[in-house]
Amino acid sequence: MHRNITRFAAIALFAGVATTSAHADLTLPTNALVANSVQTFTADDLDALDLVNMTIEGRGTTYVAKAGTPGQSNGTVTPVAFGFPITKIVIGSNLSIVSGTASGSALFFNRTDLDTGKKTGLTLANFTINYKQSKVLADTTILGGTTQVQMPLYDFTPSSPLALKYKFPLAISLHEVLGNLRLTAQAKDALVKGVELPEFAIPALEIDFGTLTQDIKVQFRATPINPRPYAAK
């Protein structure tokens, strides 16, 4: 009974947002709902990672959405897609989505220099999609260094606009796809320094880093996601 009441409350909240003109930003926790953002890398991304003997690993609440296969240069394996549970969304005036956050999720860029054996790394965590700026932000930490909070990570282009769908009697969902993910100048600099990219690999930072697909359903997870921010070790 309590779960049903909570479900109706969640539906009522979404319905209220859809019918009310908001004058201030409204934060909606989504960590108890089936709400996920999935980043899918391109084949070029995966080839470039393998070429410099680097992998990307999920940390925190990140999960593998699609497994990868060994690369042709060094045989490294990075998943094709990672999923990040969305822990909150912020809705602004005119019912526009201001931002969405995956607090607790992280990616670790892990590289070993084939010539020296030196290990380097960079952590990106607690991702936020800022729709006003058309940027993805992330807490960024070079291995052994300090954290730059919510550094601009990607610029993006909407591929499929955010759409709210309703299916009788009580099914409400939101879906969108963001494409053309391009590293910002700050992100390029952090990667070059963080994993000590060789000069020949720097042009690869200009390639498209894939897509981000967001899906939010008014459906409860078996276990709510802990929204505590991920802290790089």
Side-chain angles (χ1 to χ4, degrees), residues 10 28-46 49-50 54-71 76-90 97 99-110 121-131 135-141 150-151 153-154 156-165 171-183 187 208-233:
L28 302 178
T30 56
N31 60 301
L33 301 179
V34 178
N36 297 293
S37 177
V38 174
Q39 180 171 6
T40 302
F41 295 109
T42 67
D44 287 342
D45 295 328
L46 300 174
L49 289 168
D50 183 55
M54 181 162 60
T55 59
I56 301 177
E57 305 165 8
R59 299 282 173 88
T61 56
T62 300
Y63 61 92
V64 174
K66 184 177 180 180
T69 56
T76 63
V77 180
T78 290
V80 174
F82 286 101
F84 317 105
I86 301 171
T87 53
K88 71 175 180 181
I89 59 174
V90 177
I97 304 295
S99 66
T101 299
S103 181
S105 292
L107 293 176
F108 180 62
F109 288 69
N110 183 21
L122 178 79
T123 299
L124 303 175
N126 310 315
F127 305 95
T128 296
I129 299 175
N130 185 314
Y131 291 94
K135 292 184 184 295
V136 178
L137 315 175
D139 294 345
T140 305
T141 311
Q150 295 297 279
M151 183 196 77
L153 175 60
Y154 299 120
F156 63 79
T157 303
S159 299
S160 173
L162 185 68
L164 187 150
K165 298 181 180 180
I172 298 174
S173 63
L174 297 111
H175 172 81
E176 74 167 353
V177 179
L178 304 177
N180 194 31
L181 300 179
R182 301 286 177 172
L183 290 171
D208 183 350
F209 269 67
T211 61
L212 278 171
T213 301
Q214 284 63 247
D215 285 291
I216 301 174
K217 299 179 182 178
V218 181
Q219 174 185 337
F220 286 95
R221 296 182 183 275
T223 303
I225 298 296
N226 187 337
R228 181 168 51 194
Y230 180 86
K233 299 177 182 179

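Side-chain contact between Thr157 and Leu178 is absent, with no heavy atoms from C-beta onward closer than 4.5 Å. Within the 4.5 Å cutoff, no side-chain heavy atoms of Asn130 are placed close to those of Val136. Side-chain atoms of Gln214 and Ile129, non-hydrogen and from C-beta on, do get closer than 4.5 Å to each other. Side-chain contact between Arg221 and Pro85 is present, with at least one heavy-atom pair separated by less than 4.5 Å. Using a 4.5 Å cut-off on side-chain heavy atoms (C-beta onward), Thr40 and Val38 make contact. Using a 4.5 Å heavy-atom cutoff, the side chains of Phe209 and Leu183 are in contact. Contact annotation: the side chain of Leu212 approaches that of Leu181 to within less than 4.5 Å [non-hydrogen atoms, C-beta and beyond]. No side-chain heavy atom of Thr69 sits less than 4.5 Å from a side-chain heavy atom of Val77.
Thr123 OG1 to Asn110 CG: the interatomic distance, rounded to the nearest 0.5 Å, is 9.5 Å. Note that the NZ atom of Lys66 and the CZ atom of Phe41 stand 13.0 Å from one another [nearest 0.5 Å]. Note that CE of Met151 and OG1 of Thr140 are 3.5 Å apart. Values are rounded to the nearest 0.5 Å. From Gln39, atom CD reaches atom OG1 of Thr211 across 7.5 Å, with rounding to the nearest 0.5 Å. Put simply, CG on Leu174 and OG1 on Thr30 are 10.0 Å apart, with the number rounded to the nearest 0.5 Å. Annotation: the span from Ile225 atom CD1 to Leu33 atom CG amounts to 11.0 Å, rounded to 0.5 Å.
Under a cut-off of 6.0 angstrom, the local environment of NZ in Lys88 is sparse, with at most 12 non-hydrogen atoms contributed by other residues, nucleotides or ligands.
Between the side chains of Thr213 and Glu176, no donor-acceptor pair of N or O atoms lies under 3.5 Å.
Among all heavy-atom pairs drawn from Gly58 and Leu107, the shortest one is CA-CD2, 4.2 Å. In plain terms, the two heavy atoms of Ile56 and Pro79 that are nearest each other are O-CD, 3.7 Å. Annotation for Pro227 and Asn31: closest pair CD-ND2, 4.0 Å, computed over non-hydrogen atoms. Closest non-hydrogen pair, Asn180 versus Arg182, comes out as OD1-NE, 2.7 Å. Smallest separation of non-hydrogen atoms from Tyr230 and Ser105: CB-O, 4.2 Å. A pairwise comparison of heavy atoms in Phe156 and Lys135 identifies CE2-N, 3.2 Å as the closest pair.
In this structure, Tyr63 has its ring center at least 6.0 angstrom away from the ring center of Phe82.
No side-chain donor-acceptor contact under 3.5 Å links Asn126 to the backbone of Asp139.
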Evaluate Asn36 against Phe84 for side chain to side chain contact (heavy atoms under 4.5 Å, CB included), listing each step before the verdict. CA-CA 6 Å; Asn36 297 293; Phe84 317 105; over 6 Å; no
Begin from the C-alpha positions of Thr141 and Leu122 and carry the test side chain to side chain contact (heavy atoms under 4.5 Å, CB included) through to its verdict. CA-CA 6 Å; Thr141 311; Leu122 178 79; 6.0 Å; no
Determine, stepwise, if the pair Phe109 / Thr55 fulfils side chain to side chain contact (heavy atoms under 4.5 Å, CB included). CA-CA 6 Å; Phe109 288 69; Thr55 59; over 6 Å; no
